[in-house]
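Since the structure comes first, as structure tokens, the remarks are kept for the end.
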Amino acid sequence: ADFYRDTATYAFATQIYLLNRRFQQHQEIIWRGGGGVQDRTIYEDSNIFAPNLQAMGLMTTRDFENYLSLFELMEEFVTPPDLLVYLRASVPTLVAQIQKRGRDYEEAIRLDYLNRLNERYEAWISTYTKGELLIVDVDDSNFHENKEDLGKIITSIDGKLNNLFS
């Protein structure tokens with residue numbers, strides 16, 4: 001909530017917190033063994049969110065460079081995911097999903113911010129080479145409520161995973 005209330009003040013601290021949290025989550029999956037699923041990867045913050053904040057003038061160049069330096073060090077200890085599932089959505093779909101969640105602190109998210117993030121996601125995903133990739137277009141999917149739509153996604157994931165380990 002602090003980040004959305006005063007982004008410039010909390011940009012660096014929020015990005016460091018999220019980097020640390022995603023690194024911890026990743027390491028917990030590795031230490032447990034047997035694999036796992038993450039909602040977001042450590043790569044998204046460093047390739048999308050932090051550069052976006054710096055480009056918007058909400059994170060200083062010094063803070064951004066310190067953030068990237070820490071990310072690059074942590075990345076040496078991270079095993080890329082076997083399969084990255086990218087849920088592609090247009091900005092109107094993102095806005096609808098944000099409104100559906102109903103989180104008070106997300107009400108102030110600006111459209112230009114979402115547009116910038118979406119552009120950065122598309123640029124990043126177009127060059128992603130760390131592992132297998134599945135892109136799922138969610139604009140025409142209602143997988144939250146429609147079992148058939150969800151089944152199609154699960155079938156696609158199963159197919160990708162079966163190809164990885166066969």
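Just so it is clear, the structure is predicted and the values come from calculations on it, not from any experiment.
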Identify every side-chain donor-acceptor pair in residues 148-157 under 3.5 Å, counting partners at least two apart or on other chains, and give the distances.
{"from": "Asp149", "atom 1": "OD2", "to": "Asn142", "atom 2": "N", "distance (Å)": "2.8"}
{"from": "Thr155", "atom 1": "OG1", "to": "Gly151", "atom 2": "O", "distance (Å)": "2.9"}
{"from": "Ser156", "atom 1": "OG", "to": "Lys152", "atom 2": "O", "distance (Å)": "3.1"}

Charged N to carboxylate O below 4.0 Å: is that the case for Glu75 and Lys130?
yes

Quick check: is Leu111 connected to Leu58 through a chain of hydrophobic side chains (ILVMFWY, heavy atoms under 4.5 Å apart)?
yes

Same apolar cluster (I L V M F W Y, side chains within < 4.5 Å links), Met56/Leu18:
no

More than 12 heavy atoms from other groups under 6.0 Å of CZ on Arg5:
yes

If hydrophobic clusters are built by linking Ile, Leu, Val, Met, Phe, Trp and Tyr wherever their side-chain heavy atoms come under 4.5 Å apart, do Phe143 and Leu83 end up in the same one?
yes

Taking Glu122 first and then Arg88, would you say they form a salt bridge - that is, a charged N and a carboxylate O separated by under 4.0 Å?
yes

Got more than 12 heavy atoms from elsewhere within 6.0 Å of CZ, Arg62?
no

Name the residue from Arg21, His26, Gln27 that meets the side chain to side chain contact (heavy atoms under 4.5 Å, CB included) definition with Gln24.
Arg21

Would you say Tyr17 ends up clustered with Met59 if hydrophobic residues are merged whenever their side chains have heavy atoms under 4.5 Å apart, either directly or through other cluster members?
no

Would you please classify the geometry between the Tyr121 ring and the Trp124 ring as parallel, tilted or perpendicular, with 30° and 60° separating the classes?
perpendicular

Take atom CG of Asp39 as the centre, draw a 6.0 Å sphere, and report whether it contains more than 12 heavy atoms from other residues, nucleotides or ligands.
no

Output yes when Glu28 and Arg22 qualify as a salt bridge under the 4.0 Å nitrogen-oxygen rule, no when they do not.
no

Would you say Tyr43 ends up clustered with Ile125 if hydrophobic residues are merged whenever their side chains have heavy atoms under 4.5 Å apart, either directly or through other cluster members?
yes

